[in-house]
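First comes the structure, then the notes that go with it.
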Amino acid sequence: MVAITPDSPVATVFGRSTTKRKAVEDGLGLRTVGELLHHFPRRYVRTTELSEDVTPEEGEMVTVVGEVASSQLKTFTNRRTNKPGHRVEVRVVTQGPEFTATWFLPHRTMAEREQARMAVGSRGLFSGKVQRFNSRWQLAQPHVVIFGRGDGEGGPDETLAASLKGLMPVYPLTAKLYSWDLQKTVAVALDLVSGVEEELPEEVRGRHDLPDVMTALRWIHAPDDMDQVHAARRRFRFAEALVLQLVLARRRAAQRSLGAQARTGGQGRLLEHFDARLPFDLTAGQRKVGAVLEAELARPHPMNRLLQGEVGSGKTVVALRAMLRVVDSGGQAVLLAPTEVLAQQHHRSITAMLGDLAGGGMLGGAEDATRVTLLTGSMGRAQRQAAMLDIATGEAGIVVGTHALLEDEVTFFDLGLVVVDEQHRFGVEQRSALTGKASSPPHVLVMTATPIPRTVAMTVFGDLETSVLRELPAGRAPIATHVAPLAEQPHWEERVWQRVAEEVAAGHQAYVVCPRIVGDEQEVGESDAPADPDSGAEGAAPRAPAQPLTAVEDLAPQLRAGPLAGVRVEVLHGRLSPEEKDTVMRRFAAGEVDVLVATTVIEVGVDVANATTIVVMDADRFGISQLHQLRGRVGRGGLPGLCLLVTRAEAQTPARERLAAVAATTDGFELSRVDLEQRREGDVLGADQSGFRSSLVTLRVLRDERTIVAAREEAERLLEADPDLAAAPVLAQRVTQIEASASSDYLEKA
Ligand code: ADP
Ligand code: MG
């Protein structure tokens with residue numbers, strides 16, 4: 001007999017049925033025995049009990065355990081052929097809904113046999129496509145396995161029922177395939193297969209009390225009880241988590257082993273001067289993170305740190321101080337921003353904070369002064385050439401810009417520190433496109449305002465060390481958030497504009513955010529910003545075409561003409577030229593504009609202390625984290641903030657629940673959890689993690705926190721003793737596979 005291995009084609013365990021083999025190969029995409037064995041049951045039903053309460057969906061393939069409550073045989077005349085036909089109709093009661101199962105049979109004897117098999121009181125597994133007919137659930141021609149009778153009398157298929165050991169696995173299915181087809185095939189595979197590789201060394205299994213791979217496969221496909229299922233699942237999740245954490249731990253180790261130039265501050269006194277003129281005291285958190293950065297910049301290895309902090313926690317100052325330290329050491333620092341507006345704002349505020357310290361090479365500049373240079377994609381040729389020259393000659397100590405900085409023609413004199421703002425918009429590749437511009441690996445600081453639960457940080461950003469700014473600077477005022485539900489309370493719209501007018505009358509400013517720029521067009525976003533994964537929010541409420549989404553260019557004139565007459569209303573969106581955008585933002589920051597009607601271009605980092613109110617139109621179109629970001633634009637200058645979420649979504653829809661969640665808390669970590677729970681895992685991991693995503697099969701970053709933490713510790717322990725995993729070759733091979741696929745993803749995109 002030929003040996004069957006995990007690499008053997010599924011055909012080797014499938015007997016003669018080509019239909020079923022094809023269904024497995026094409027429908028489920030399982031080509032090898034190994035893949036088949038890793039196609040795990042979705043759930044299990046106890047064959048001694050009726051099905052749990054499940055609500056079927058029209059057209060869905062279901063497998064239910066039920067009892068035959070009545071059975072009828074009807075004979076009729078087929079209208080087309082004019083021949084007699086026979087229909088067996090059986091009422092199946094389950095713990096959930098009742099089903100009517102019907103079979104059409106050409107011969108009376110066949111029909112009688114079928115009816116006898118399903119005598120009243122028989123219990124079995126019914127599997128087929130559900131339909132709704134005459135307000136009853138129907139199963140047309142379902143496949144049936146009868147276990148026996150509810151009253152204990154034996155039935156014809158009792159041996160099979162016995163072989164199910166009381167727990168029947170229910171697999172994710174496809175057409176022309178039934179749960180027990182898979183179950184039988186998997187049973188054959190489990191019996192015949194040899195050479196299934198064990199990736200977990202025995203000591204690791206011992207430490208974490210995990211079954212070996214073959215035992216776990218048997219337990220997951222043919223369990224005696226749910227304890228076995230749980231143990232098996234734990235093993236597979238742990239193995240996945242461990243491989244992932246090994247990849248990440250090795251990356252960290254590789255980073256640590258690289259040489260970088262230590263930036264100790266040298267003779268420069270920029271930072272000292274900057275600190276002396278800072279108009280506020282740093283928070284304890286800012287000081288602590290500052291000290292960590294200083295220490296890491298001084299080491300001859302590249303720093304790789306993620307700085308997480310709520311919106312408004314003051315990350316920019318922390319980053320700027322690190323940048324100044326690098327400039328003091330004779331190097332350059334670059335700040336990469338996700339949008340044009342944000343880059344411009346950073347450039348403006350850094351220049352302003354530095355004052356004459358930013359006047360390098362200019363009349364009136366301070367002695368130690370450096371130059372802050374902006375580079376964005378839409379700058380004119382001459383401006384751009386000048387900026388690039390500053391950067392290449394080292395004239396610019398601090399460079400601020402967008403994706404335009406990643407282009408090949410941009411070269412640095414001596415790039416020492418890369419700061420990436422709002423990481424969630426940048427991929428790993430982009431980070432490396434920038435770091436590649438340094439002659440030796442630069443130090444890297446990634447900042448994100450989207451709070452990331454610990455396990456996600458560990459998984460997604462596992463190659464970065466993490467610092468968190470928890471406290472907000474003193475004087476931060478609370479933000480009150482309200483939902484304006486126009487579906488039930490149409491007159492609230494008027495009230496919203498009244499509130500805005502009141503704020504303006506009190507000398508404050510407001511943002512009004514719309515999902516669209518004009519008419520029926522979609523917001524296209526910033527010219528050099530990548531597609532926004534958040535737009536077209538998940539679970540958005542369906543709406544009638546009679547209610548188009550609010551557009552900036554429509555709303556602004558309406559407000560000027562109506563509820564906000566006499567108020568200085570301006571617009572900001574991605575279709576304006578960079579100069580126009582910059583001008584509007586400057587005027588808003590200077591208080592020359594009262595109300596800024598904008599798209600989400602203001603989402604990240606825009607910072608105007610006097611703005612107290614933000615109105616989000618069609619708020620149901622935005623995701624939770626996006627709304628939280630938007631809300632972070634107000635409540636900054638010691639003035640209480642107000643956030644009004646205007647929606648036409650109906651009550652009790654997922655969209656309204658999201659808005660209620662945002663209104664209920666300003667704790668970003670809490671919201672981020674709610675948000676992530678609503679999303680699929682792939683979205684959590686982001687596009688830049690494709691190499692990882694495909695490796696996550698049973699692991700869930702949120703649910704499996706304990707497993708991930710344990711795996712991380714185990715990964716560190718294994719690598720410490722055995723950096724190349726020589727003693728665990730199968731594990732080593734899995735790790736290299738992911739490393740290779742992650743880097744090939746990178747090469748493909750580059
Ligand atoms: P974010 O973390 O959202 O990027 P910013 O760095 O933009 O926050 O800071 C928000 C505002 O708070 C800025 O105006 C900044 O000048 C100010 N700020 C930062 N640190 C402090 C502090 N320690 N005390 C008072 N204000 C601060
Ligand atoms: Mg910021």
Side-chain angles (χ1 to χ4, degrees), residues 271 274-291 293 305-324 333 335-339 341-355 357-358 398 400 419-426 445-452 466-479 509 511 585-586 588-591 600 602-612 614 625-641 643 666-669 671-672:
L271 179 57
F274 176 78
D275 281 347
R277 66 176 62 184
L278 205 60
F280 45 71
D281 292 330
L282 294 174
T283 63
Q286 285 173 319
R287 275 200 299 275
K288 202 170 127 216
V289 177
L293 299 184
R305 189 159 283 276
L306 174 70
L307 175 56
Q308 276 190 56
E310 268 284 15
V311 283
S313 57
K315 296 180 293 294
T316 318
V317 180
V318 172
L320 181 56
R321 293 185 69 253
M323 293 167 90
L324 291 173
L335 172 58
L336 189 59
T339 66
V341 165
L342 194 55
Q344 282 166 352
Q345 171 178 299
H346 275 314
H347 181 247
R348 245 190 338 262
S349 68
I350 288 176
T351 312
M353 274 196 269
L354 288 176
L357 296 175
I398 292 180
V400 180
V419 179
V420 183
D421 196 11
E422 310 297 349
Q423 154 77 18
H424 60 293
R425 305 254 178 139
F426 284 106
L445 176 66
V446 173
M447 303 194 288
T448 174
T450 307
I452 300 164
T466 308
S467 296
V468 182
L469 283 181
R470 292 213 180 274
E471 62 190 315
L472 298 181
R476 252 333 113 72
I479 304 170
Q509 291 161 284
Y511 301 99
M585 269 321 290
R586 272 177 199 283
F588 189 68
T600 54
I602 67 147
E603 176 189 342
V604 272
V606 167
D607 187 23
V608 176
N610 191 45
T612 52
I614 183 162
S625 63
Q626 211 177 4
L627 290 171
H628 183 60
Q629 287 274 324
L630 285 168
R631 172 168 63 180
R633 299 308 109 219
V634 299
R636 300 202 136 213
L639 301 165
C643 171
T666 48
D667 178 347
F669 279 85
L671 282 176
S672 158

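Atoms within a ligand are numbered from 1 in the order they appear, just like the ligands themselves.
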**Message:** Please find the pair of heavy atoms, one from Ala319 and one from Met447, that lie closest to each other, and give the distance.
**Reply:** CB-SD, 3.7 Å

**Item:** Atoms in ligand 1 flagged as close to Thr316, the criterion being non-hydrogen separation under 4.0 Å
**Value:** 4 (O), 5 (P), 6 (O), 7 (O)

**Message:** So is Gly309 touching ligand 1 or not, going by heavy atoms under 4.0 Å?
**Reply:** no

**Complete:** When every non-hydrogen atom of Arg277 is compared with those of Met353, the smallest separation belongs to CD-O, 4.3 Å

**Fill in**
When every non-hydrogen atom of Thr666 is compared with those of Ile479, the smallest separation belongs to CG2-O, 3.9 Å

**Fill in**
Min over Met353, Lys315, His346 of heavy-atom distance to atom 2 (O) of ligand 1 lands on Lys315

**Request:** Report the residues that fulfil side-chain hydrogen bond (donor to acceptor under 3.5 Å, both in side chains) with Arg321, sequence neighbours left out, ordered by chain and then residue number.
**Result:** Asp275

**Complete:** Under 4.0 Å between heavy atoms, the region of Met447 that gets near ligand 1 turns out to be neither

**Request:** Find all atoms of ligand 1 within a distance of less than 4.0 Å from any non-hydrogen atom belonging to Leu282, and give their numbers and elements.
**Result:** 23 (N)

**Request:** For ligand 1, note which part of Asp281 has a heavy atom under 4.0 Å away: side chain, backbone, both or neither.
**Result:** backbone

**Request:** Please check if any side-chain donor atom of Thr466 sits under 3.5 Å from a side-chain acceptor atom of Arg305, or the reverse.
**Result:** no

**Item:** Atoms in ligand 1 flagged as close to Val317, the criterion being non-hydrogen separation under 4.0 Å
**Value:** 19 (C)

**Prompt:** What do you reckon, does Gly314 have a nitrogen or oxygen under 3.5 Å from a nitrogen or oxygen of ligand 1?
**Reply:** yes

**Item:** Ligand-residue contact atoms, ligand 1 with Thr283, heavy atoms, under 4.0 Å
**Value:** 23 (N)

**Item:** Which residues share a salt bridge (Lys or Arg N to Asp or Glu O under 4.0 Å) with Arg287, sequence neighbours left out
**Value:** none

